[in-house]
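Protein chains get the first letters and strands the later ones, always in sequence-line order, with residue 1 at the start of each.
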2 protein chains.
Amino acid sequence: MDCKFIEKASGAIADKYRLQILLALSEKGSLNNSDIQQMTGLSQPCVSHHVKTLIDSGLVNSQKEGRNQNLSLNKEGLKDLSGFLDKLT
Amino acid sequence: MDCKFIEKASGAIADKYRLQILLALSEKGSLNNSDIQQMTGLSQPCVSHHVKTLIDSGLVNSQKEGRNQNLSLNKEGLKDLSGFLDKLT
DNA sequence: TCTATATATTTAAAAGTTTGGATGTTTAGG
DNA sequence: CCTAAACATCCAAACTTTTAAATATATAGA
């Protein structure tokens, strides 16, 4: 089991804005950065940073479409983290 | 769903020493602070701080036995976090 | 009560994170 | 090619976390 992944993924969740992004992705299926900027009220660079953190963590996928970046949940990653927690008990 | 709990609990996992403690608790069932000090090589105050973080997060239970503090996994908390992740997908 | 052991608290330094302004890069559309 | 829109990067300030030394508190056992 990859502790580095667990650390990164749980760290990615441990922030109110990133948690808000994950919940919105879960609800809406996909979002781009300006959706997130509107939703959170954060600056564009700050959104870009949080989105990068989520992608790096393995919990979010990004797909370029022209100028836009379409984000979606990485269900594999979420299942891996949840599975790790289940195995602890 | 309690976002504050999700934030705190995932933040508690997002550290290599706390993750090591969780894994050891999973394997051994219970530990006290000096077990953790030996295991991690951290200073006593630092162990005390990490243990407090884990207890505050709701992922670890503590039970006083004389001078010792017996720690164990809070399976409820772990299940709540894992369940939250499952519901995202 | 005295001592040793287990844990907590205080404090401060070092390291890491979050944030937004300024600026850079890429691409769609005229 | 030019412009505007979407996103990334650089930078520095504010804030938070991690760490250990020093010190405090609590309890078991002589």
Distance below 4.0 Å between [X] side-chain N/O and [N] OP1 or OP2:
{"X": "B/Asn32", "N": "C/dT5", "value": "no"}
{"X": "B/Ser48", "N": "C/dA8", "value": "yes"}
{"X": "A/Asn68", "N": "C/dT26", "value": "no"}

#### Entry: Most 5' of A/Cys46 and B/Asn70 on DNA chain C, judged by nearest nucleotide
B/Asn70
### Message
Which is more 5' along DNA chain C, the nucleotide nearest A/Gln44 or the one nearest B/Lys52? Just name the residue.
### Response
B/Lys52
### Shortest side-chain distance from A/His49, nucleotide among C/dT18, D/dA22, D/dT18
C/dT18
### Message
Categorize B/His50 for me: base, sugar-phosphate, or nothing, with a 4.0 angstrom heavy-atom threshold over every strand shown.
### Response
sugar-phosphate
### Task
Give one of base, sugar-phosphate or nothing for A/Ser34, where a contact means two heavy atoms less than 4.0 Å apart.
sugar-phosphate
Take the protein atom [atom1] of [X] and the nucleotide atom [atom2] of [N], then report the distance between them rounded to whole Å.
{"X": "B/Asp35", "N": "C/dT5", "atom1": "CG", "atom2": "C1'", "result": "14 Å"}
{"X": "B/Asn33", "N": "C/dT7", "atom1": "CG", "atom2": "P", "result": "4 Å"}
{"X": "A/Arg18", "N": "C/dT18", "atom1": "CZ", "atom2": "C1'", "result": "9 Å"}
{"X": "A/Arg67", "N": "C/dA28", "atom1": "CZ", "atom2": "P", "result": "7 Å"}
{"X": "A/Tyr17", "N": "D/dT16", "atom1": "OH", "atom2": "P", "result": "13 Å"}
{"X": "B/Asp15", "N": "D/dT17", "atom1": "CG", "atom2": "P", "result": "12 Å"}
{"X": "B/Gln37", "N": "C/dA8", "atom1": "CD", "atom2": "C1'", "result": "13 Å"}
{"X": "A/Leu42", "N": "D/dA14", "atom1": "CG", "atom2": "C1'", "result": "15 Å"}

### Task
Show your reasoning for whether side chain to side chain donor-acceptor pair (under 3.5 Å) applies to B/Asn33 and B/Gln69.
CA-CA 7 Å; B/Asn33 287 23; B/Gln69 180 178 223; 3.1 Å; yes
### Query
Do the charged groups of A/Glu76 and A/Lys79 touch, with an N to O distance under 4.0 Å?
no
### Query
Would a 4.5 Å heavy-atom cut-off, applied to side chains only, mark A/Lys64 and A/Asn68 as touching?
no
### Query
Just how far is it from atom CD1 of B/Ile21 to atom CG of B/Asp35, taken to the nearest 0.5 Å?
11.0 Å
### Message
The test is side chain to side chain contact (heavy atoms under 4.5 Å, CB included); show your working for A/Ile55 and A/Asn61 and say whether it passes.
### Response
CA-CA 6 Å; A/Ile55 294 168; A/Asn61 291 128; over 6 Å; no
### Task
Apply side chain to side chain contact (heavy atoms under 4.5 Å, CB included) to A/Asp15 and A/Leu19, showing your working.
CA-CA 6 Å; A/Asp15 173 273; A/Leu19 190 45; over 6 Å; no
### Task
Can you pull out how bent the helix from C/dT1-D/dA30 to C/dG30-D/dC1 is, comparing the axes over its first five and last five pairs, to 10°?
30°
### Query
Yes or no on side chain to side chain contact (heavy atoms under 4.5 Å, CB included) for B/Phe84 and A/Leu22, after CA distance, side-chain angles and deciding distance?
CA-CA 11 Å; B/Phe84 168 81; A/Leu22 291 171; over 6 Å; no
